[in-house]
Each structure stands twice: as C-alpha cells, then as structure tokens.
Amino acid sequence: MAGAHPGLESLIPLRGGDLLSSADLSRDQTLALLQLAVDLKSGQRQIDLAGKVLGLIFTKASTRTRVSFSVAMARLGGQTLDLNPQVTQVGRGEPVADTARVLSRYVDALAIRTFAQDELADYAHWASIPVVNALTDLEHPCQALADYLTLAEAFGGNPHNLAGLTLAYVGDGNNVAHSLMLTGALLGVNVRVGCPVGFEPSREVLAQSQAIAGQNDCRVDLVHEPLAAARGAHALYTDVWASMGQEEEQAARERAFSGWCLDEALVAEADSRAIVLHCLPAHRGEEISAGAMEGPSSRIFDQAENRLHAQQALLAALLGGLG
Ligand code: CP
Ligand code: NVA
C-alpha cells in the first residue's frame with residue numbers, strides 16, 4: 001500500500017470478512033473506509049477487482065442498493081450476478097446452508113437484503129466468502145457509510161472532522177436509525193434520535209451505540225419531541241414511517257407519526273449550516289416535506305450518489321483490492 005492514506009492499513013484485516021452490522025467495523029476501519037471513499041470519488045485512487053463477482057440476493061425491493069452495488073463492481077472491473085430468490089432454488093426452499101456453500105464455490109462475495117438479521121447471519125456462517133448486509137429489518141450499514149460520507153463532505157471533506165458534529169434522526173427507530181446510531185458513535189458524532197413513544201430504536205442497539213459513544217467522546221440520546229431533536233443539529237435525517245414488511249401498519253403509523261414531518265420548521269431549529277438527509281425512497285408530505293426535500297439544505301441526491309463511492313471502498317477492502 002505504498003502511498004496509502006494513513007489508516008488504510010486498518011482495512012487489511014477486513015479482507016475475506018463480513019459486514020453484517022455497522023458495529024462489525026472498528027472506529028479506525030470506519031474512518032478509513034470513508035477516507036478511501038473520498039479518494040475513490042475524487043479519482044485520487046484506483047482499485048482493480050477484475051475477475052471478481054458479487055452475487056446479489058435481494059428478498060426485498062431495491063433501487064439504490066442494487067444499482068449502486070452493480071455499478072460499483074463494474075467500475076472496479078468486476079461483475080455482479082442477480083441471485084434473486086425467485087430465480088434460484090432458494091425461492092423453492094433450498095436451505096441457506098446448502099445455497100451459501102454452493103454459491104461460495106462460484107462467486108467472490110454476497111450482498112444480501114432480507115428481513116431477519118438471523119437469516120443474514122446464517123448465510124455468513126455457511127459461506128466461505130464475504131457476506132454484506134444490504135439491509136435487514138435490524139440494520140442498513142452500507143447506507144450509514146454513505147450518510148456520514150455526505151455529512152463529512154458538507155463539513156469540510158475530512159471524515160476525521162466528523163467528531164463533535166450532531167446528527168438528529170427524526171422518525172421511526174428502525175434499521176436505518178440503528179446503523180446511523182452505531183456508525184455515528186464510532187465516528188464521534190452525537191446522534192439524537194427523536195421518535196414518538198412506542199417507536200423507539202431497539203433497546204439493545206441503543207445500549208450498544210451508547211457504549212461505543214462512551215469510548216469516542218460523543219453521545220447517543222433519545223428524545224420524544226421533534227424540535228428538541230432538531231435543535232442545533234448539523235444534519236437532520238428521516239426515513240419512511242412504515243418500512244418494507246410493515247405495509248399493513250401504514251395507516252396506523254401515519255396517525256402515530258402525525259407532527260413528526262421533517263419540514264422547514266425543523267430545518268429552522270437546526271444549525272444554520274445543517275444539511276437534510278433521507279435514505280430514500282421518500283414519501284413527500286409524510287415523513288418529509290417537499291420543501292425540506294428540495295430546499296437549499298438538502299443533500300439527499302448527493303447522499304444517494306455516495307452509496308456508490310462508499311460501497312466501492314467497502315468492496316475494495318472485503319475483496320482484497322488494497323493489495
Ligand atoms: N436507501 C436504499 O437502500 O434504497 P433502496 O431500497 O432503493 O436500495
Ligand atoms: N427503513 C426502510 C429503508 C429503505 C431503504 C425500509 O426498511 O424499508
């Protein structure tokens with residue numbers, strides 16, 4: 001790694017490993033991945049993954065994750081293979097233990113989007129190749145890497161300078177919130193989660209992220225009032241009220257989340273430099289106003305683009321592209 005950015009050596013142990021949770025990465029590895037993403041985006045660094053194949057197993061819908069993984073592999077010289085359960089024997093009940101061992105003989109890594117974190121862990125247990133969480137009900141670690149890359153860009157471009165900033169997540173305490181809490185805590189970012197009573201993040205993830213925050217001089221806090229969450233924050237973030245798999249709860253959730261829209265009033269409460277983020281897809285007029293989404297503070301489409309750069313960095317590390 002001659003000429004590598006300091007810290008990049010922390011990525012070497014990731015080769016051949018899995019990313020199932022944001023907490024699978026250390027603080028140094030998270031920072032180094034963001035720095036590598038910055039370098040790849042600016043063209044300061046090239047990675048060659050020629051001949052490598054990433055299999056995509058997506059049990060849920062996806063635009064950004066599927067396309068950004070495919071394009072990331074193409075740009076690095078590799079390929080992706082669509083292994084959608086409907087077109088493989090997985091959809092007809094072939095066990096994960098068999099599928100994972102067979103696929104490990106053909107492809108170099110798997111990106112998996114599914115419901116249960118346990119199913120993802122099962123794939124990782126049986127596979128002898130890297131397994132990446134492309135979203136489960138519990139976490140969305142690839143999203144969080146792109147999110148903090150976007151925040152770093154808005155505040156000077158150096159991921160090391162994220163420490164001390166505050167990100168306010170306003171909405172459902174879901175998979176996206178969980179990964180934001182864990183990755184934020186690793187980076188020294190204060191994460192304030194604002195949600196209605198009954199829609200808090202998991203107690204375990206809250207405790208885990210608070211323990212990590214304690215080691216990195218920052219805080220992860222829970223509040224039950226949107227303005228209190230937004231006050232003075234450097235980023236305002238929201239996500240849908242009903243995630244994939246919760247479609248039948250949509251109407252009840254719309255009632256429960258009334259008053260929790262990320263709108264111009266919340267933006268006015270935040271730091272004057274604050275940026276607005278949303279992982280997408282968004283429901284304008286529900287969790288975010290059209291004005292906040294399209295306004296001058298919004299970095300939502302940069303954030304979507306950054307999925308590509310952050311995942312190129314991750315793939316480079318997991319597939320041995322760093323030498
Ligand atoms: N943000 C995100 O993961 O989008 P997709 O569901 O389109 O992949
Ligand atoms: N929380 C949302 C995120 C979509 C990218 C879901 O799980 O549907």
Side-chain angles (χ1 to χ4, degrees), residues 19-22 37 54-73 80 82-85 110-120 132-151 167 169-183 191 193-196 199-202 205 235 237-250 252-254 256-257 260-262 276-284 286-288 293 298-312 314-315:
L19 181 68
L20 308 184
S21 164
S22 296
L54 172 70
L56 303 176
I57 301 179
F58 278 47
T59 301
K60 292 172 170 173
S62 170
T63 298
R64 280 144 289 270
T65 310
R66 176 189 293 281
V67 177
S68 57
F69 266 119
S70 299
V71 175
M73 282 304 282
T80 44
D82 198 345
L83 301 170
N84 220 326
L110 290 170
I112 301 179
R113 168 168 290 199
T114 192
F115 294 86
Q117 184 77 12
D118 283 352
E119 187 191 336
L120 180 77
V132 177
N133 182 345
L135 181 147
T136 61
D137 290 347
L138 188 67
E139 280 199 50
H140 199 358
C142 298
Q143 180 70 54
L145 290 172
D147 300 341
Y148 287 106
L149 173 60
T150 312
L151 184 59
L167 178 141
Y169 175 92
V170 177
D172 186 29
N174 61 15
N175 44 8
V176 168
H178 290 159
S179 283
L180 282 171
M181 291 157 67
L182 292 165
T183 300
V191 181
V193 177
C195 58
F199 295 91
E200 291 85 0
S202 115
V205 176
Y237 196 122
T238 193
D239 182 18
V240 291
W241 293 334
S243 284
M244 289 180 277
Q246 298 174 329
E247 287 78 6
E248 58 310 329
E249 297 174 32
Q250 176 69 31
R253 283 173 172 263
E254 280 176 30
F257 283 91
W260 283 87
C261 181
L262 198 178
V276 170
L277 298 173
H278 191 309
C279 57
L280 301 177
H283 294 162
R284 289 170 176 78
E286 291 182 29
E287 78 278 0
I288 190 163
M293 191 153 168
S298 174
R299 297 291 179 279
I300 290 172
F301 294 97
D302 294 332
Q303 178 187 7
E305 178 189 331
N306 282 337
R307 297 293 305 277
L308 182 57
H309 307 295
Q311 282 157 211
Q312 283 191 43
L314 178 66
L315 291 165

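Each ligand, and each atom within it, is numbered from 1 in the order the structure gives. In this chain, numbering begins with 1 at the start of the sequence shown. Since the model is a prediction, treat every value here as computed from it, not as a measurement.
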S.K.: Report yes or no: do Gln311 and Arg307 form a side-chain donor-acceptor pair below 3.5 Å?
M.R.: yes

S.K.: Considering residues at least two apart in sequence or located in another chain, which fulfil the side-chain hydrogen bond (donor to acceptor under 3.5 Å, both in side chains) criterion with Thr59?
M.R.: none

S.K.: Using a heavy-atom cut-off of under 4.0 Å, does the side chain or the backbone of Leu280 touch ligand 1, or both, or neither?
M.R.: backbone

S.K.: Could you list which atoms of ligand 1 come closer than 4.0 Å to a heavy atom of Cys279?
M.R.: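 Near Cys279, the atoms of ligand 1 are 1 (N).
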
S.K.: When you pair each N or O of ligand 2 with protein N or O atoms, which pairs come out under 3.5 Å?
M.R.:
from, atom 1, to, atom 2, distance (Å)
ligand 2, 1 (N), Asn174, ND2, 3.3
ligand 2, 1 (N), Asn175, OD1, 2.9
ligand 2, 1 (N), Asp239, OD2, 2.6
ligand 2, 1 (N), Ser243, OG, 2.7
ligand 2, 7 (O), Asn175, ND2, 2.8
ligand 2, 7 (O), Ser243, OG, 3.4
ligand 2, 8 (O), Met244, N, 2.8

S.K.: Identify the two heavy atoms, one from Asp137 and one from Asn175, that lie closest to each other, and give their separation to 0.1 Å.
M.R.: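 Closest pair (atom of Asp137, atom of Asn175, distance): O-CB, 3.4 Å.
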
S.K.: Between the side chains of Asn174 and Tyr169, does any donor sit under 3.5 Å from an acceptor?
M.R.: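 Result is yes, a qualifying pair exists.
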
S.K.: Polar-atom distance check: Thr65 versus ligand 1, any N or O pair below 3.5 Å?
M.R.: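 So ligand 1 has an N or O lying under 3.5 Å from an N or O of Thr65.
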
S.K.: Please report which non-hydrogen protein atom sits nearest to atom 2 (C) of ligand 1, along with the residue it belongs to and the distance in Å to one decimal place.
M.R.: Arg307 NH1, 3.4 Å

S.K.: What residue and heavy atom of the protein are closest to atom 4 (O) of ligand 1, and at what distance?
M.R.: Arg64 NE, 2.9 Å

S.K.: Could you pull out the closest heavy-atom pair between Gly171 and Cys195, with the gap in Å?
M.R.: O-CB, 2.9 Å

S.K.: What do we get for His140 next to ligand 1 when only non-hydrogen atoms under 4.0 Å count, side chain, backbone, both or neither?
M.R.: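 Within the 4.0 Å criterion, His140 contacts ligand 1 through side-chain atoms alone.
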
S.K.: Is there a side-chain contact between Trp260 and Thr238, using heavy atoms and a 4.5 Å cut-off?
M.R.: no

S.K.: Considering non-hydrogen atoms only, spot the tightest contact between Met293 and Phe301 and give its length.
M.R.: CE-CZ, 4.2 Å

S.K.: Any idea which protein heavy atom is nearest atom 7 (O) of ligand 1, and the distance to it?
M.R.: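 Going atom by atom, the protein heavy atom closest to atom 7 (O) of ligand 1 ends up being Thr63 N, 2.6 Å.
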
S.K.: Taking all heavy atoms of Leu54 and all of Ala111, pick out the closest pair and write down the distance.
M.R.: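 Looks like CD1-N, 3.8 Å.
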
S.K.: Where do Ala146 and Ala310 come nearest, in terms of heavy atoms and distance?
M.R.: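 In this case the closest contact between Ala146 and Ala310 is N-CB, 3.9 Å.
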
S.K.: Is a donor on one side and an acceptor on the other found under 3.5 Å between the side chain of Gln246 and the backbone of Ser243?
M.R.: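 Checking the backbone N and O of Ser243 against the side chain of Gln246, a donor-acceptor pair under 3.5 Å is found.
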
S.K.: Can you confirm, on distance only, whether ligand 1 has an N/O atom lying under 3.5 Å from any N/O atom belonging to Pro281?
M.R.: no

S.K.: To which protein heavy atom is atom 6 (O) of ligand 1 closest, and what is the distance rounded to 0.1 Å?
M.R.: Arg113 NH1, 2.8 Å

